[in-house]
Amino acid sequence: MYHLIFVVKIKNNMRVCILGNGLASLTLAKSIVNQKIYVDFLYSKKTYPVNKTRTIGISKSNIEFFNEKIINIEKIIHKLKKIEIYSDNLEKQKLISFGNNSDHLFSIVKNHKLQQILEKNLFNNRYFTKTNYKKTINYSRDYDLVITTDYNHPITKKYFNKKIEKKYNSVAYTTIIKHDKIANNIAAQIFTKNGPLAFLPISEYETSVVYSINNYLKGEIEITKLIKYYNLKYNLKKIDKIHSFELKGLSLRSYFHKNILAFGDLLHRIHPLAGQGFNMTIRDIKFLNNIIQNKIDLGLPIDSKLNIEFENNQKHKNYIFSSGIDLIHQFFNLERKTKNEFLSKSIQYFNKNSSINKIFTKIADEGLLF
Ligand SMILES: Cc1cc2nc3c(=O)[nH]c(=O)nc-3n(C[C@H](O)[C@H](O)[C@H](O)COP(=O)(O)OP(=O)(O)OC[C@H]3O[C@@H](n4cnc5c(N)ncnc54)[C@H](O)[C@@H]3O)c2cc1C
C-alpha cells in the first residue's frame, strides 16, 4: 500500500526587516529577496562618505556561493592564486605561502563596487523596499523577523549591548597604489615591526594596501615612506589618499532577542590581518539561507525559532574562529616584542609540511571544518 504525501506550499507573505546600510545588510537583503521573501530595508538618514580605498578579500568557496545564491560578481573581482607571508624578523624572508600558481585561492573586490552592484539590483527587485527609520514601527508585531547590522539603532543599543570586546591598540591605514602593469595575482602580507602590512592586488595596475599599525607609533611615522620601503615588486606611480580606522574586536554574548537577530560586524568584529571579517558574515548568510529554505519547504513560519537555530550553530564556530585570528595577532606581536626568530622559523618549518598548509588553506576558504 502506498502513502501519498503532498507537500503544500503556503503562500509566502513573510516580511523581514533589515536595519543598517552596510555590506552585510545589503548582501543579506539580496539573499533573502532571492528566496522570494519581502524585505523592508530601514536605514538612518545619516550618510557616510564613500571610501574608495577599501577592498575586501573573499575566499574561493564564498565567491562561488555569492555568484550562485546572491549575485554574480565575476565582473568586479580580481582573482589571486597565491598568498605569501613575510616577516621583518627574518629580514623580509618568506615564512609561508598558500595556494599554487594554477588555481584561484582568493579574490579582491572594491567595497564601493560591491555595494553599488547590490544596491542597483535590489532597487529593481519587487520584494525589496528601502525607507528611512520610522518611530511608529513595532518591530515585534510588524515583522516575522528583524535583523540589525546597525550599531546606532535604538533596538541594537537596547538588546545587544553585552559583548566581549578586544582592544588591538592599532589603527588600520588603507590606500590604493597605482603602478606599472604587472601580472598581479599574488598577495603579500609582511609582519613588520610596526604591525601587519598587506599588498592586495586588484588589477594589473592597482594594488590595495592595508597597514595595521600599533597605536603608540601613530603620528610618528609616515605611512607612505613605509609602504615604499616594504614595496617588494611594484614600480610605483601614485599612492592614493590614506584613510584610517581604529581597530577593535568584539563578539556579542547573545545573537538574538526574540525575533530580532544581530548580524555582520555587529555580531563579530575581528582584526583585518587575515581578511576574514566579511567572509565570516558570508558563512553566516549561507547558514541562514539554508534554514530559511528548509522552513519554506516545510511550510513553517520564519520566527524566533530560526534565531535559536542560527545561534546554536554559528556562535561557537564564530567565537573559535575569531579567537584563532586573535591568536595569530598575539603571536606576531609577541615575536615583535621579544625579537625572537624562533616563532617565524617554526612557521617556515610548517610551510614544508604540505598537509598542515592544506588544512590552513581550507579553513581560510571554508571556515571551521565541523
Ligand atoms: C581595513 C580593513 C580591511 C578589511 N579587509 C577584509 C578582507 O579582506 N576580507 C574580509 O572578509 N573582511 C575584511 N574586513 C572586514 C569587513 O570590512 C567587514 O566585515 C564588513 O565591511 C562589515 O560590514 P557590515 O555591514 O557588517 O558593517 P559596516 O560596514 O561597519 O556597517 C554597519 C553599519 O554601520 C553604518 N556605517 C557605515 N559606514 C559607517 C561609518 N563610516 N561610520 C559609522 N557607521 C557606518 C552602516 O550604515 C551600517 O548600518 C576588513 C576590515 C577592515 C577595517
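Every number for a ligand or one of its atoms is a count from 1 in the order of the listing. FYI, side chains are in, hydrogens and waters are out, and symmetry mates aren't considered; it's all heavy atoms of this structure.
The protein heavy-atom contact nearest to atom 12 (N) of ligand 1 is Phe278 N, 3.0 Å. Looking from atom 26 (O) of ligand 1 to the surrounding protein, the closest heavy atom is Asp265 N, 2.8 Å. The closest protein non-hydrogen atom to atom 38 (N) of ligand 1 is Tyr48 CD1, 3.4 Å. The protein heavy atom nearest to atom 5 (N) of ligand 1 is Thr55 O, 3.9 Å.
The option from Ser25, Gly57, Pro272, Ala187 that lies nearest to atom 9 (N) of ligand 1, judged by heavy atoms, is Gly57. Heavy-atom proximity to atom 16 (C) of ligand 1, evaluated over Asn279, Ile56, Ile18, is greatest for Ile56.
Near Gly20, the atoms of ligand 1 lying under 4.0 angstrom from a non-hydrogen atom of the residue are 49 (O). The distance from ligand 1 to the heavy atoms of Gly264 drops below 4.0 Å at these ligand atoms: 26 (O). The Gly22 neighbourhood of ligand 1 comprises atoms 25 (O), 31 (O), 46 (C), 48 (C), with distances under 4.0 Å to a heavy atom of that residue. Residue-ligand proximity, Thr149 to ligand 1, at heavy-atom distances under 4.0 Å covers atoms 32 (C), 33 (C). Which parts of ligand 1 touch Val210 is read off a 4.0 Å heavy-atom cut-off, strictly below it: atoms 1 (C).
A donor atom on one side chain and an acceptor atom on the other are not found under 3.5 Å apart for Ser254 and His257. A donor-acceptor contact under 3.5 angstrom links the side chains of His268 and Asp284, judged on distance only. A donor-acceptor contact closer than 3.5 angstrom is absent between the side chains of Tyr205 and Asn184.
A side chain to side chain contact (heavy atoms under 4.5 Å, CB included) with Ile177 holds for exactly one of Thr224, Asp240, Thr207; it is Thr207. When Asp303, Asn259, Asn138, Asp40 are each tested for a side chain to side chain donor-acceptor pair (under 3.5 Å) with Tyr143, only one passes: Asp40. For the side chain to side chain contact (heavy atoms under 4.5 Å, CB included) with Asn121, the qualifying choice from Ile71, Asn34, Val33 is Ile71, the only one to do so.
Taking the six-membered ring where the residue is Trp, the centroids of His153 and Tyr139 are separated by under 6.0 Å.
Between Ala24 and ligand 1, an N or O atom pair is found at a separation short of 3.5 Å. Here's the thing with Leu23: one of its N/O atoms is less than 3.5 angstrom from an N/O atom of ligand 1. Residue Asn111 places no N or O, backbone or side chain, under 3.5 Å from any N or O of ligand 1. Some N or O of Gly275 is nearer than 3.5 Å to an N or O of ligand 1, by distance alone. In terms of polar-atom proximity, Asn152 is not counted as a contact of ligand 1, lacking any N or O under 3.5 Å from an N or O of the ligand. Any N or O atom pair closer than 3.5 Å counts here, and Phe263 shares no such pair with ligand 1.
Glu74 meets the side-chain contact (heavy atoms from CB on, under 4.5 Å) test with Ile63, Asn67, Asn72, Ile77, Lys79; sequence neighbours excluded.
Of all the heavy atoms of Thr174, the ones lying under 4.0 Å from any atom of ligand 1 belong exclusively to the side chain. Contact annotation: for Tyr151 versus ligand 1, heavy atoms closer than 4.0 Å belong to the side chain alone. Heavy atoms of Arg54 found under 4.0 angstrom from ligand 1 belong exclusively to the side chain.
To the nearest 0.5 Å, atom CG of residue Asn312 and atom CG of residue Asn307 are 10.5 Å apart.
Protein heavy atoms come within 4.0 Å of atom 47 (O) of ligand 1.
When all heavy atoms are compared, the tightest approach of Ser244 to Val171 is CB-CG1, 3.7 Å.
Using cut-offs of 30° and 60° for the angle between ring planes, the Phe278 and Phe66 rings count as tilted.
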Candidate pair Asn194 and Tyr211, rule side-chain hydrogen bond (donor to acceptor under 3.5 Å, both in side chains), full reasoning: CA-CA 9 Å; Asn194 303 316; Tyr211 200 175; 3.3 Å; yes
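By the 4.5 Å side-chain criterion applied to Ile, Leu, Val, Met, Phe, Trp and Tyr, Tyr43 is assigned to no cluster and stands alone.
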